[in-house]
There are 2 protein chains.
Amino acid sequence: MFTLAEENYLKTIYHLESLFGEGVSTNAIAEKLETKPSSVTDMVQKLADKKLLTYIKYKGTSLTDLGKKEATNIIRKHRLWEVFLLEKLQFQWHEVHEIAEQLEHIQSEELVDRLDAFLGYPTTDPHGDPIPDKNGYFKATDKKLLASMKVSEQGICVGVKDSDDEFLKYLDKKNIAIGSMITLLAKEDFDHSLHIKVDDHSFFITKAISENLFVKSHESE
Amino acid sequence: MFTLAEENYLKTIYHLESLFGEGVSTNAIAEKLETKPSSVTDMVQKLADKKLLTYIKYKGTSLTDLGKKEATNIIRKHRLWEVFLLEKLQFQWHEVHEIAEQLEHIQSEELVDRLDAFLGYPTTDPHGDPIPDKNGYFKATDKKLLASMKVSEQGICVGVKDSDDEFLKYLDKKNIAIGSMITLLAKEDFDHSLHIKVDDHSFFITKAISENLFVKSHESE
DNA sequence: TTATTATTTTAGATTTGTCTAAAAATATTT
DNA sequence: AAATATTTTTAGACAAATCTAAAATAATAA
Ligand SMILES: [Mn+2]
Ligand SMILES: [Mn+2]
Ligand SMILES: [Mn+2]
Ligand SMILES: [Mn+2]
């Protein structure tokens, strides 16, 4: 249906739009895709011609409903493949993203449906992100940053903000995974480091870590 | 490592070379890839520069060891994915080839190794073709055409020559699959049609069918 | 062996997606 | 408000992979 480049643009614009709102800037897209702004302008004009997004010169772009549908479908495929790689092929959670970047472009609706069934219709990917259904629908998980927790509050780890490779490896080393029970024992006002308990043992984490981990309040279950 | 187009050329040249011998003609490649001879000349010159094949103007091309290694690796991936689609996702055998055409280009050695293990190290694909190992090695199955069997001889169906969609559907309808026991009951000299018994029930097949089905003699087990 | 036909290569053009350099528009300072 | 800086677009070029049309070579027939 669409080319590899077109699909990557749609996915990127979708992510930027849900983070920063409508009217995604040319530079933001260029940075995310590691390309030049001039290339982005060209492609965005082409995607506008195809009714996948609206584009106003110097004002940025926003996906149309058609563009959003296409984007969520690619994200659906990406996340289903990530589950497959982790659950069935025993990859580690920091290894799956790169391969899913390729697999997300395989064209076959039947394949995606059967993969979904084979995996038991999962609702989140290995990083805690929701998997859209066939119609692009998914419920936004009510998560908040670990940094925003109050002392003695309990939370369940539900996802990561930036799924950077090194960060995921750090989490593995510290035995923090999706589903881990995290209790905030104390906050250090000076450097905003946190003393936390994960499942059974406790340790300290920096501010940077606490701003990259999503938790769901335990009460709000 | 290589582009999608380059990989498809390598795979096609490999198949043509193993069918008709060294020195594959420009026209033969063009026909298989549904492209123009002039495009083939261009690409073949590029692949020769990259030491993947030897090319002599007007004389045809032959893969180098490097080219063969690359080609068998793509074929390995193609066939492993076909097994996955059939065994794990319950696709029918005539549906798997087209999707595998896409999946064969996914780049990740680790992925192929883990897929191989996940499938239990299969040695043949759903159409009876051997799956090369990591080094490109596979044993040529000692198969022969059903058309070459003698009356009252027994054989096990081990593969198809042309895995055309309609042909595979015909086989499904007639309950002929890899592993089916086939007995040749009688030959009709006039139109070369055959009266055969498959597992339990018997029926007639045309010459065309008999020249598209591979069997392994039952004695030679 | 010469003429005709078929195959293959070259030349030049096209599409897609990218780039650099320069121009235009917008945003921020002074 | 004018000057400066930043962002964005345009213009022109390029590599990859393809095409058409024409030229060159090889194979076949007369
Ligand atoms: Mn991912
Ligand atoms: Mn991608
Ligand atoms: Mn196949
Ligand atoms: Mn292919």
Side-chain angles (χ1 to χ4, degrees), chain A residues 1-14 16-17 19-63 67 70-71 74 101-102 104-105 107, chain B residues 1-14 16-17 19-63 67 70-71 74 101-102 104-105 107:
Chain A
M1 195 68 170
F2 300 102
T3 68
L4 189 129
E6 286 171 340
E7 290 194 346
N8 284 333
Y9 272 88
L10 289 173
K11 199 178 59 149
T12 297
I13 295 168
Y14 181 90
L16 289 170
E17 203 171 343
L19 274 176
F20 308 115
E22 291 193 351
V24 179
S25 81
T26 300
N27 268 7
I29 299 167
E31 200 175 346
K32 257 290 172 81
L33 285 171
E34 294 180 272
T35 184
K36 300 293 164 185
S38 54
S39 306
V40 174
T41 301
D42 278 353
M43 179 59 93
V44 150
Q45 286 170 347
K46 200 177 84 179
L47 294 176
D49 288 345
K50 295 191 178 186
K51 311 288 180 201
L52 291 161
L53 48 81
T54 57
Y55 163 66
I56 306 165
K57 259 191 188 181
Y58 296 104
K59 298 274 171 161
T61 62
S62 305
L63 293 183
E70 198 53 39
I74 299 158
E101 279 295 314
Q102 297 180 62
E104 72 189 1
H105 301 290
Q107 309 277 22
Chain B
M1 196 67 170
F2 300 102
T3 68
L4 189 129
E6 287 171 340
E7 290 194 347
N8 284 334
Y9 271 88
L10 290 174
K11 200 178 56 147
T12 297
I13 295 168
Y14 181 90
L16 290 171
E17 203 172 343
L19 273 176
F20 307 115
E22 291 194 351
V24 180
S25 81
T26 300
N27 269 8
I29 299 168
E31 200 175 347
K32 256 287 170 84
L33 284 172
E34 294 181 271
T35 184
K36 301 292 164 184
S38 55
S39 307
V40 173
T41 301
D42 277 354
M43 179 60 93
V44 150
Q45 285 170 347
K46 200 176 83 180
L47 295 176
D49 288 346
K50 295 190 179 188
K51 310 289 181 200
L52 290 160
L53 48 80
T54 56
Y55 162 67
I56 305 165
K57 258 192 189 181
Y58 295 104
K59 299 273 173 160
T61 62
S62 305
L63 293 183
E70 199 53 42
I74 299 159
E101 279 295 313
Q102 297 179 62
E104 72 189 0
H105 301 290
Q107 309 277 21

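Every value quoted in this text rests on a predicted model; they were computed, and no experiment measured them. Letters A, B, ... mirror the listed sequences (proteins, then strands); counts begin at 1.
- For the pair D49(B) CG and dA16(D) P, the interatomic distance rounds to 11 Å; values are reported in whole Å.
- Exactly one residue among L47(B), N8(B), L52(B) makes a side chain to side chain contact (heavy atoms under 4.5 Å, CB included) with F2(B). That residue is L52(B).
- For Y58(A), the listed nucleotide lying nearest its side chain is dT8(D); candidates were dT8(C), dT8(D), dC19(C).
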Kindly determine whether T61(A) and I13(A) satisfy side-chain contact (heavy atoms from CB on, under 4.5 Å), including the steps that lead there. CA-CA 8 Å; T61(A) 62; I13(A) 295 168; 4.2 Å; yes

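- In the set dT18(C), dA21(D), dT7(C), dT7(C) carries the atom at the smallest distance from any side-chain atom of N27(B).
- Distances were taken from every side-chain heavy atom of K57(A) (C-beta onward) to each of dT10(C), dT18(C), dT10(D); the shortest belongs to dT10(D).
- Summarising the geometry, the separation between CD1 on I29(B) and P on dT18(D) is reported as 13 Å, rounded to the nearest angstrom.
- The CE-P distance, from M43(A) to dT16(C), rounds to 10 Å in whole Å.
- Residue T35(B) places at least one side-chain N or O closer than 4.0 Å to OP1 or OP2 of dC19(D).
- Of all nucleotides listed (dT8(D), dT18(D), dT8(C)), dT8(D) comes nearest to the side chain of T41(A).
- We find that NZ of K59(A) is positioned 7 Å from P of dT26(C), with the value rounded to whole Å.
- K11(B) pairs in a side chain to side chain donor-acceptor pair (under 3.5 Å) with only one of the listed residues (H105(B), E6(B), E70(B), E104(B)), which is E104(B).
- Atom CG of L47(B) and atom P of dA16(D) are 12 Å apart (whole Å).
- To the nearest angstrom, P of dA16(D) lies 14 Å from CZ of F2(B).
- Taking atom CD1 on I56(B) and atom C1' on dT9(C), their separation rounds to 15 Å, with Å as the unit.
- The two residues K36(A) and A30(A) have their closest heavy-atom pair at C-CB, 3.9 Å.
- For S39(B) and dC19(D), the shortest distance from a side-chain N or O to OP1 or OP2 is below 4.0 Å.
- For T26(A), the side-chain atoms get nearest to dT8(D) when compared with the rest of dT8(D), dT18(C), dT8(C).
- For Q107(B), the CD atom counts as densely surrounded, since its 6.0 Å shell holds more than 12 non-hydrogen atoms of other residues, nucleotides or ligands.
- Closest approach to the K36(B) side chain among dT18(C), dC19(D), dT9(D) is made by dC19(D) (side chain taken as heavy atoms from C-beta onward).
- Of the side-chain N and O atoms in Q45(B), one or more sit less than 4.0 angstrom from OP1 or OP2 of dT10(C).
- Along DNA chain C, the nucleotide nearest G60(B) and the nucleotide nearest D42(A) are compared for position; the residue whose nucleotide lies closer to the 5' end is G60(B).
- dA16(D) atom P lies 7 Å from atom NZ of K50(B), rounded to whole Å.
- Contact annotation: side chain of S38(B) to base of dT18(D), donor-acceptor pair absent below 3.5 Å.
- Note on Y55(A): a side-chain N or O is less than 4.0 Å away from OP1 or OP2 of dT9(D).
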